[in-house]
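Here's the structure we're looking at; comments come further down.
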Amino acid sequence: MDFELTEDQRAFADTARQFAQAELAPHAAHWDAEGIFPREAIAKAGELGFCGLYAPENAGGLALPRLDATLVFEELAAVDPSTTAFITIHNMATWMLGTWATDEVRDEWGESLTSGRKLASYCLTEPGSGSDAASIKTRAERVGHEYVINGAKAFISGAGATDVLVLMARTGDAGSGAAGISAFAVPAQLPGIHYGKKEEKMGWNSQPTRTISFDNVRIPANHLLGREGEGFKIAMKGLDGGRINIATCSVGAAQGALGHAQRYMQERKQFGKPIASFQALQFKLADMATELVAARQMVRLAAARLDAGAPDASTYCAMAKRFATDVGFNVVNEALQLHGGYGYIREYPLERLLRDARVHQILEGTNEIMRVIIGRRMLDADAPDAIR
């Protein structure tokens, strides 16, 4: 068992760190305050391969292991979790299209997505279907050589500003459950697609979030991803990686916050000496660092299991998502506390990191649902020996 990164992995991380400092750090607060979606910066990330990190090579991607992708996402998220989180969602949608699309659709969209010239949204959640994803009602009806789509999606990242939608819709009857769901690549500006108002959110303000409605939207039949009825399986495979991605964003946000806290403790003086000299605050910093390292290793373990195709990879992904997003938020919150009143004002990045990290405990499956996934597996007879 080797916990050391390879030279290539370190190079990926170093490149991402330099990009984050040059292209994200000077603008992240402005994007957040003004609600700006930084397509130009995302396209620059695409020039480095960051928009197709694990997409297949025949779609223009780098086909990297998920473990390597976490190294990039962590460095970006240490500066700007909101923009990074969108890049991770784009990577997930791009991987799904690149893996399951027909040759015609892959040729049309693959390289434009992996390069960051075009962007993708992932459309699963509906107004009445959140944690119960198998109950979605958006319908795709086969009519000749086309599918006709009707329904609505909610809380879609990038909606209204992206170019293609990776959409889950029901092709089976109303009672078909997960087995009746199929996946599609849908050009985002087709007639019949309507976008709701831009949601006013607590965080994640550098990416727009909207509802999407579909009114007799027609797409060619070859825009089906995989086969009919495989959509839920494709969605869940995507979410295993998505859970690692969002967990990594929490680790990155926490790492950024920890660095700010450590520097502030050495600079800030109270009672005639730096607050770093107070043992109680040293203990707080020690706990933050310890929990962050544990979360990072949990995420990397889950990524390695997913890369290896381990039978329990989904369980480890759920564990990593639950643990790292809780720890990440707590570490950022403690870092804000160490800054006192300064942590609460926008001159410092702590309050932005906190607002951005909070939603990670909700999306890609709430942490309560992560506990359901883990708990069900742990009731199997072999679980105590298999999950360890």
Side-chain angles (χ1 to χ4, degrees), residues 5-32 36-99 106 109-122 157-158 161-164 166 204 206-207 238 241-242 244-253 255-256 259 296 299-300 303 306-307 356:
L5 300 179
T6 66
E7 288 188 13
D8 285 346
Q9 289 171 328
R10 291 186 183 280
F12 283 130
D14 288 344
T15 300
R17 186 181 305 117
Q18 293 168 17
F19 175 84
Q21 291 300 322
E23 301 294 342
L24 304 183
H27 311 292
H30 176 64
W31 295 337
D32 171 72
I36 295 170
F37 185 47
R39 284 200 64 143
E40 182 178 343
I42 295 170
K44 289 181 180 179
E47 292 173 4
L48 296 174
F50 296 166
C51 288
L53 287 169
Y54 52 89
E57 291 179 342
N58 65 356
L62 299 181
L64 292 177
R66 300 305 175 89
L67 176 58
D68 291 23
T70 68
L71 308 177
V72 172
F73 295 146
E74 180 182 335
E75 296 295 341
L76 301 182
V79 170
D80 186 353
S82 172
T83 303
T84 304
F86 176 80
I87 292 173
T88 73
I89 294 167
H90 171 82
N91 267 268
M92 178 177 68
T94 298
W95 170 77
M96 294 167 77
L97 184 148
T99 301
R106 186 185 299 111
W109 289 101
E111 290 191 6
S112 62
L113 292 173
T114 55
S115 68
R117 296 193 305 272
K118 302 288 187 181
L119 299 177
S121 290
Y122 176 66
S157 292
T162 53
D163 305 286
V164 64
V166 173
W204 272 28
S206 70
Q207 51 168 296
I244 291 173
N245 290 347
I246 214 65
T248 303
C249 287
S250 285
V251 170
Q255 182 66 44
R296 178 180 293 112
V299 171
R300 292 182 180 179
L306 189 60
D307 287 331
D356 285 346

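Position 1 is the first residue of the sequence, and the numbers go up from there.
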Applying side-chain contact (heavy atoms from CB on, under 4.5 Å), can you list everything that pairs with [X], at least two apart in sequence or on another chain?
X: T15; answer: L48, F50
X: P65; answer: D68, D307
X: A69; answer: L53, Y54, F73
X: Q18; answer: D14

Discussion item. According to salt bridge (charged side-chain N to carboxylate O under 4.0 Å, His left out), does anything in residues 19-29 pair up with another residue at least two apart or in another chain? List the pairs.
Written reply: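 Checked against salt bridge (charged side-chain N to carboxylate O under 4.0 Å, His left out) - neighbours excluded - the pairs reaching residues 19-29 are E23-K44.
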State which residues pass side-chain hydrogen bond (donor to acceptor under 3.5 Å, both in side chains) with [X]; sequence neighbours excluded, sorted by chain then number.
X: W109; answer: none
X: S112; answer: none
X: T94; answer: H90

Tell me the closest heavy-atom pair linking [X] and [Y], and the distance in Å.
X: A93; Y: S121; answer: CB-O, 4.2 Å
X: P26; Y: Q21; answer: CD-O, 3.4 Å
X: A20; Y: E75; answer: CB-O, 3.8 Å
X: A41; Y: L24; answer: CB-CD2, 4.5 Å
X: N58; Y: G98; answer: OD1-O, 4.1 Å
X: E57; Y: A63; answer: CG-CB, 3.8 Å

Practice prompt. In sequence, state the C-alpha distance, the side-chain angles, and the governing distance for I42 and F37, and then conclude on side-chain contact (heavy atoms from CB on, under 4.5 Å).
Written response: CA-CA 9 Å; I42 295 170; F37 185 47; 3.8 Å; yes
Practice prompt. Measure the spacing between CG of L113 and NZ of K118 and express it to the nearest 0.5 Å.
Written response: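 Going from the CG atom of L113 to the NZ atom of K118 covers 9.5 Å.
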N/O donor-acceptor pairs under 3.5 Å from side chains in residues 81-88, not counting sequence neighbours:
residue : atom : partner : partner atom : Å
S82     : OG   : S206    : N            : 3.3
S82     : OG   : S206    : OG           : 2.7
T83     : OG1  : D80     : OD2          : 2.7
T83     : OG1  : S206    : OG           : 2.8
T84     : OG1  : L76     : O            : 3.3
T84     : OG1  : A77     : N            : 3.3
T84     : OG1  : D80     : O            : 2.7
T88     : OG1  : A85     : O            : 2.7

Worksheet entry | Flag side-chain contact, heavy atom, 4.5 Å: H30 against I36 |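 Side-chain contact under 4.5 Å: yes.
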Practice prompt. Using a 4.5 Å cut-off on heavy atoms from C-beta on, say whether the side chain of L5 contacts that of F12.
Written response: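 Not touching, per the 4.5 Å side-chain cut-off.
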Taking only residues two or more places apart in sequence or in another chain, which ones pass salt bridge (Lys or Arg N to Asp or Glu O under 4.0 Å) with [X]?
X: R296; value: E74
X: D32; value: R355
X: R39; value: D163

Discussion item. For Q9, is the CD atom crowded, meaning more than 12 foreign heavy atoms sit under 6.0 Å from it?
Written reply: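 Yes, CD of Q9 has more than 12 neighbouring heavy atoms, counting only those of other groups under 6.0 Å.
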Fill in: Polar side-chain atom of Q207 near backbone of W204 as donor-acceptor pair, under 3.5 Å
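It does not hold such a pair.
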